[in-house]
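Notes for the one structure printed next.
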There are 2 protein chains.
Amino acid sequence: MGITKSQIFNDQQNELAAIFRVLANPARIAILEYIGSQQACICNDIVEHIGLAQPTISQHLKELKSIQLIEGEIEGKKMCYCINLSRWNEIQSFLNEFFDNTRINCC
Amino acid sequence: MGITKSQIFNDQQNELAAIFRVLANPARIAILEYIGSQQACICNDIVEHIGLAQPTISQHLKELKSIQLIEGEIEGKKMCYCINLSRWNEIQSFLNEFFDNTRINCC
DNA sequence: TTTATATATCGCAATATTACGATAATAAAT
DNA sequence: ATTTATTATCGTAATATTGCGATATATAAA
(Lines give C-alpha, C1' and ligand atoms only; values in the text may rest on other atoms or scores of the structure.)
Protein backbone atom coordinates (compact mmCIF):
# COMPACT_ATOMS: atom_id res chain seq x y z
CA MET A 1 0.00 0.00 0.00
CA GLY A 2 2.09 2.96 1.15
CA ILE A 3 -0.53 5.65 0.78
CA THR A 4 -2.07 7.29 3.81
CA LYS A 5 -5.71 6.22 4.16
CA SER A 6 -7.06 9.73 4.60
CA GLN A 7 -10.65 8.64 3.87
CA ILE A 8 -10.93 7.00 7.29
CA PHE A 9 -10.01 10.20 9.13
CA ASN A 10 -11.98 13.39 9.56
CA ASP A 11 -11.24 16.72 7.91
CA GLN A 12 -9.71 18.23 11.00
CA GLN A 13 -7.31 15.33 11.40
CA ASN A 14 -6.32 15.42 7.75
CA GLU A 15 -5.85 19.17 7.76
CA LEU A 16 -3.73 19.07 10.90
CA ALA A 17 -1.56 16.34 9.38
CA ALA A 18 -1.23 18.33 6.14
CA ILE A 19 -0.04 21.40 8.04
CA PHE A 20 2.40 19.37 10.10
CA ARG A 21 3.68 17.74 6.91
CA VAL A 22 4.59 21.06 5.34
CA LEU A 23 6.43 22.05 8.52
CA ALA A 24 8.18 18.68 8.80
CA ASN A 25 11.33 19.69 6.96
CA PRO A 26 14.28 21.64 8.36
CA ALA A 27 14.80 23.54 5.10
CA ARG A 28 11.24 24.85 5.25
CA ILE A 29 11.66 25.74 8.93
CA ALA A 30 14.85 27.61 8.05
CA ILE A 31 13.15 29.39 5.17
CA LEU A 32 10.30 30.54 7.43
CA GLU A 33 12.75 31.72 10.08
CA TYR A 34 14.76 33.58 7.46
CA ILE A 35 11.73 35.22 5.88
CA GLY A 36 10.51 36.19 9.35
CA SER A 37 13.82 37.81 10.21
CA GLN A 38 14.11 39.95 7.07
CA GLN A 39 12.36 43.10 5.98
CA ALA A 40 12.87 42.16 2.36
CA CYS A 41 12.59 38.51 1.47
CA ILE A 42 13.93 38.09 -2.03
CA CYS A 43 13.89 34.52 -3.26
CA ASN A 44 17.52 34.65 -4.36
CA ASP A 45 18.58 35.77 -0.89
CA ILE A 46 16.84 32.69 0.48
CA VAL A 47 18.74 30.43 -1.91
CA GLU A 48 22.06 31.96 -0.84
CA HIS A 49 21.22 31.92 2.84
CA ILE A 50 19.95 28.35 3.06
CA GLY A 51 22.54 26.67 0.86
CA LEU A 52 20.34 24.42 -1.22
CA ALA A 53 20.00 24.58 -4.99
CA GLN A 54 17.60 27.12 -6.46
CA PRO A 55 15.11 24.55 -7.78
CA THR A 56 15.01 22.92 -4.36
CA ILE A 57 14.23 26.21 -2.63
CA SER A 58 11.62 27.01 -5.25
CA GLN A 59 9.93 23.71 -4.54
CA HIS A 60 9.96 24.31 -0.78
CA LEU A 61 8.48 27.77 -1.29
CA LYS A 62 5.73 26.17 -3.34
CA GLU A 63 4.86 23.83 -0.47
CA LEU A 64 4.80 26.70 2.00
CA LYS A 65 2.54 28.63 -0.38
CA SER A 66 0.24 25.60 -0.72
CA ILE A 67 -1.02 26.10 2.82
CA GLN A 68 -0.88 29.90 2.50
CA LEU A 69 1.85 30.22 5.11
CA ILE A 70 3.73 32.58 2.80
CA GLU A 71 2.84 34.84 -0.09
CA GLY A 72 4.94 35.89 -3.05
CA GLU A 73 4.81 39.27 -4.69
CA ILE A 74 6.44 40.03 -8.01
CA GLU A 75 8.88 42.95 -7.86
CA GLY A 76 10.30 43.44 -11.32
CA LYS A 77 12.24 40.32 -12.13
CA LYS A 78 12.52 39.41 -8.47
CA MET A 79 10.10 37.69 -6.17
CA CYS A 80 9.43 39.00 -2.67
CA TYR A 81 8.18 36.38 -0.27
CA CYS A 82 6.63 37.15 3.07
CA ILE A 83 4.79 35.39 5.84
CA ASN A 84 1.00 35.56 5.66
CA LEU A 85 0.48 36.83 9.17
CA SER A 86 -3.23 36.10 9.52
CA ARG A 87 -2.75 32.56 8.25
CA TRP A 88 0.31 32.21 10.49
CA ASN A 89 -1.76 33.12 13.53
CA GLU A 90 -4.64 30.95 12.41
CA ILE A 91 -2.40 27.91 12.11
CA GLN A 92 -0.79 28.58 15.48
CA SER A 93 -4.24 28.72 17.06
CA PHE A 94 -5.31 25.57 15.25
CA LEU A 95 -2.28 23.68 16.57
CA ASN A 96 -2.81 25.01 20.09
CA GLU A 97 -6.42 23.91 19.97
CA PHE A 98 -5.23 20.42 19.11
CA PHE A 99 -2.72 20.40 21.95
CA ASP A 100 -5.19 21.86 24.44
CA ASN A 101 -8.08 19.59 23.51
CA THR A 102 -5.97 16.45 23.54
CA ARG A 103 -4.26 17.20 26.87
CA ILE A 104 -6.62 15.26 29.15
CA ASN A 105 -7.11 12.12 31.29
CA CYS A 106 -5.24 8.88 30.88
CA CYS A 107 -2.89 7.09 33.29
CA MET B 1 19.40 12.76 -3.88
CA GLY B 2 16.24 12.40 -1.77
CA ILE B 3 17.65 12.58 1.69
CA THR B 4 17.14 15.69 3.78
CA LYS B 5 20.44 17.54 4.25
CA SER B 6 20.10 17.91 8.00
CA GLN B 7 23.81 18.75 8.42
CA ILE B 8 23.28 22.21 7.00
CA PHE B 9 20.59 23.09 9.54
CA ASN B 10 20.89 23.71 13.24
CA ASP B 11 19.69 21.43 16.04
CA GLN B 12 16.61 23.47 16.77
CA GLN B 13 15.52 23.39 13.14
CA ASN B 14 16.11 19.65 12.87
CA GLU B 15 14.32 18.92 16.12
CA LEU B 16 11.33 21.03 15.15
CA ALA B 17 11.13 19.24 11.81
CA ALA B 18 11.41 15.85 13.53
CA ILE B 19 8.52 16.69 15.85
CA PHE B 20 6.41 17.99 13.00
CA ARG B 21 7.21 14.83 11.01
CA VAL B 22 5.84 12.57 13.72
CA LEU B 23 2.66 14.64 13.86
CA ALA B 24 2.33 14.77 10.07
CA ASN B 25 0.04 11.76 9.74
CA PRO B 26 -3.71 11.66 10.34
CA ALA B 27 -3.55 8.19 11.91
CA ARG B 28 -1.12 9.44 14.53
CA ILE B 29 -3.25 12.53 15.15
CA ALA B 30 -6.28 10.25 15.59
CA ILE B 31 -4.35 7.97 17.94
CA LEU B 32 -3.29 10.92 20.09
CA GLU B 33 -6.84 12.28 20.18
CA TYR B 34 -8.18 8.87 21.11
CA ILE B 35 -5.62 8.28 23.84
CA GLY B 36 -6.32 11.76 25.17
CA SER B 37 -10.05 11.09 25.30
CA GLN B 38 -9.83 7.78 27.17
CA GLN B 39 -9.03 6.94 30.74
CA ALA B 40 -7.70 3.56 29.71
CA CYS B 41 -5.76 3.40 26.49
CA ILE B 42 -5.32 -0.24 25.61
CA CYS B 43 -3.49 -0.84 22.37
CA ASN B 44 -6.15 -3.19 21.09
CA ASP B 45 -8.85 -0.56 21.65
CA ILE B 46 -6.81 1.81 19.53
CA VAL B 47 -6.61 -0.74 16.73
CA GLU B 48 -10.38 -1.22 16.78
CA HIS B 49 -11.12 2.47 17.07
CA ILE B 50 -8.83 3.68 14.29
CA GLY B 51 -9.52 0.96 11.73
CA LEU B 52 -6.01 0.21 10.55
CA ALA B 53 -4.27 -3.14 10.88
CA GLN B 54 -2.63 -3.97 14.19
CA PRO B 55 0.97 -3.89 12.86
CA THR B 56 0.28 -0.47 11.36
CA ILE B 57 -0.97 0.90 14.66
CA SER B 58 1.96 -0.65 16.47
CA GLN B 59 4.32 1.12 14.11
CA HIS B 60 2.57 4.46 14.60
CA LEU B 61 2.74 4.02 18.37
CA LYS B 62 6.47 3.40 18.04
CA GLU B 63 6.91 6.69 16.20
CA LEU B 64 4.92 8.56 18.83
CA LYS B 65 7.06 6.93 21.53
CA SER B 66 10.23 7.91 19.66
CA ILE B 67 9.69 11.56 20.59
CA GLN B 68 8.30 10.62 24.02
CA LEU B 69 4.84 11.96 23.20
CA ILE B 70 3.30 8.81 24.63
CA GLU B 71 4.37 6.14 27.08
CA GLY B 72 3.39 2.48 27.24
CA GLU B 73 2.92 0.54 30.41
CA ILE B 74 2.62 -3.25 30.48
CA GLU B 75 -0.57 -4.46 32.16
CA GLY B 76 -0.51 -8.22 32.04
CA LYS B 77 -0.64 -9.19 28.43
CA LYS B 78 -2.07 -5.83 27.48
CA MET B 79 -0.36 -2.54 26.86
CA CYS B 80 -1.68 0.71 28.31
CA TYR B 81 -0.62 3.77 26.36
CA CYS B 82 -0.92 7.29 27.66
CA ILE B 83 0.18 10.76 26.75
CA ASN B 84 3.36 11.96 28.44
CA LEU B 85 1.93 15.18 29.77
CA SER B 86 5.18 16.99 30.59
CA ARG B 87 6.57 16.19 27.15
CA TRP B 88 3.25 17.15 25.58
CA ASN B 89 3.43 20.56 27.23
CA GLU B 90 7.10 20.92 26.41
CA ILE B 91 6.47 20.30 22.73
CA GLN B 92 3.52 22.68 22.65
CA SER B 93 5.74 25.39 24.15
CA PHE B 94 8.52 24.61 21.70
CA LEU B 95 6.16 25.00 18.76
CA ASN B 96 4.69 28.21 20.17
CA GLU B 97 8.19 29.58 20.60
CA PHE B 98 8.82 28.90 16.92
CA PHE B 99 5.59 30.59 15.88
CA ASP B 100 6.11 33.56 18.19
CA ASN B 101 9.75 34.11 17.26
CA THR B 102 9.13 33.85 13.54
CA ARG B 103 6.10 36.14 13.49
CA ILE B 104 7.85 39.39 12.60
CA ASN B 105 8.58 42.04 9.96
CA CYS B 106 8.43 41.52 6.25
CA CYS B 107 6.16 43.12 3.62
C1' DT C 1 16.14 42.56 -30.24
C1' DT C 2 19.62 40.41 -27.75
C1' DT C 3 21.51 39.47 -23.32
C1' DA C 4 21.55 38.85 -18.51
C1' DT C 5 19.17 37.80 -14.27
C1' DA C 6 15.69 35.61 -11.46
C1' DT C 7 12.37 32.15 -10.70
C1' DA C 8 9.56 28.08 -11.96
C1' DT C 9 8.90 23.56 -13.89
C1' DC C 10 10.31 18.89 -15.58
C1' DG C 11 12.38 14.60 -15.03
C1' DC C 12 15.00 11.68 -12.53
C1' DA C 13 17.69 9.16 -8.74
C1' DA C 14 18.01 8.26 -3.93
C1' DT C 15 15.70 7.70 0.03
C1' DA C 16 11.62 7.72 3.34
C1' DT C 17 6.93 6.62 4.60
C1' DT C 18 2.69 3.98 4.89
C1' DA C 19 0.33 -0.18 5.24
C1' DC C 20 -0.12 -4.97 5.87
C1' DG C 21 0.55 -10.21 5.96
C1' DA C 22 3.34 -13.44 8.23
C1' DT C 23 5.42 -14.43 12.21
C1' DA C 24 7.80 -13.90 16.67
C1' DA C 25 7.46 -12.79 21.52
C1' DT C 26 5.09 -12.47 25.84
C1' DA C 27 1.96 -13.44 29.38
C1' DA C 28 -2.53 -15.08 31.08
C1' DA C 29 -5.67 -18.96 31.16
C1' DT C 30 -6.65 -23.75 30.78
C1' DA D 1 2.71 -27.81 29.03
C1' DT D 2 -0.53 -26.16 25.80
C1' DT D 3 -3.58 -22.91 24.23
C1' DT D 4 -5.20 -18.29 23.67
C1' DA D 5 -4.86 -13.39 23.43
C1' DT D 6 -2.13 -9.26 22.83
C1' DT D 7 1.51 -6.68 21.00
C1' DA D 8 5.95 -6.21 18.41
C1' DT D 9 8.95 -7.08 14.57
C1' DC D 10 10.24 -8.45 9.79
C1' DG D 11 9.84 -8.20 5.04
C1' DT D 12 7.81 -6.20 1.21
C1' DA D 13 4.88 -3.49 -2.14
C1' DA D 14 3.06 0.96 -3.20
C1' DT D 15 3.63 5.56 -2.88
C1' DA D 16 5.71 10.08 -1.28
C1' DT D 17 9.53 13.18 -0.45
C1' DT D 18 13.94 15.40 -1.16
C1' DG D 19 17.27 17.33 -4.01
C1' DC D 20 19.25 18.70 -8.25
C1' DG D 21 20.57 19.28 -13.31
C1' DA D 22 18.51 20.75 -17.40
C1' DT D 23 15.50 23.73 -19.20
C1' DA D 24 11.56 26.86 -19.70
C1' DT D 25 9.68 31.35 -18.55
C1' DA D 26 9.65 36.17 -17.56
C1' DT D 27 11.32 40.60 -16.89
C1' DA D 28 15.00 44.15 -16.87
C1' DA D 29 18.99 45.97 -19.03
C1' DA D 30 21.89 46.86 -22.88
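Below, chain A is the first sequence line, B the second, and so on; all start at residue 1.
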Rounded to whole angstroms, how far apart are [atom1] on [X] and [atom2] on [N]?
X: B:Ile57; N: C:dT17; atom1: CD1; atom2: P; result: 18 Å
X: B:Arg28; N: C:dA16; atom1: CZ; atom2: C1'; result: 12 Å
X: A:Ile74; N: D:dA28; atom1: CD1; atom2: C1'; result: 14 Å
X: A:Ile46; N: C:dT7; atom1: CD1; atom2: P; result: 8 Å
X: B:Lys5; N: C:dA16; atom1: NZ; atom2: C1'; result: 17 Å

Taking only residues two or more places apart in sequence, or in another chain, which ones meet A:Ala27 in a side chain to side chain contact (heavy atoms under 4.5 Å, CB included)?
A:Asn25, A:Leu52, A:His60, B:Phe9
Please work out if B:Leu52 contacts a base, only the sugar-phosphate, or nothing of the nucleic acid, heavy-atom cut-off 4.0 Å.
sugar-phosphate
What contact category does A:Glu63 fall into here, base, sugar-phosphate, or nothing, at under 4.0 angstrom with non-hydrogen atoms?
sugar-phosphate
Could you identify which residues of residues 7-25 of chain A place a heavy atom less than 4.0 Å from some atom of DNA chain D, listed by residue number, or say none?
A:Arg21, A:Asn25
Counting only N and O atoms by type, is there a donor-acceptor contact under 3.5 Å from the side chain of B:Ser66 to the main-chain atoms of B:Glu63?
yes
Are the aromatic rings of B:Trp88 and A:Phe98 close, with centres under 6.0 Å apart?
yes
Close side-chain approach of A:Leu61 to A:Ile46, heavy-atom, < 4.5 Å:
yes
So do the side chains of B:Phe99 and A:Ile91 get within less than 4.5 Å of each other, counting heavy atoms only?
yes
Among residues two or more places apart or on two chains, list those pairs meeting ring pair (Phe, Tyr, Trp, His ring centres under 6.0 Å) that have a residue in residues 11-33 of chain A.
A:Phe20-B:Phe20
Apply side chain to side chain donor-acceptor pair (under 3.5 Å) to B:Asp100 and list each qualifying residue two or more places apart in sequence or on a separate chain.
A:Gln92, B:Arg103
Partners of B:Glu90 by side chain to side chain donor-acceptor pair (under 3.5 Å), sequence neighbours excluded?
B:Arg87
Once each nucleotide of nucleotides 4-9 of chain D is scored for protein heavy atoms under 4.0 Å, what B/S/- sequence comes out, 5' to 3'?
-SSBBB
Counting only side-chain N and O atoms of B:His60, is one of them less than 4.0 Å from OP1 or OP2 of C:dA19?
yes
Any carboxylate oxygen within less than 4.0 angstrom of a Lys/Arg side-chain nitrogen, looking at B:Glu71 and B:Lys65?
no
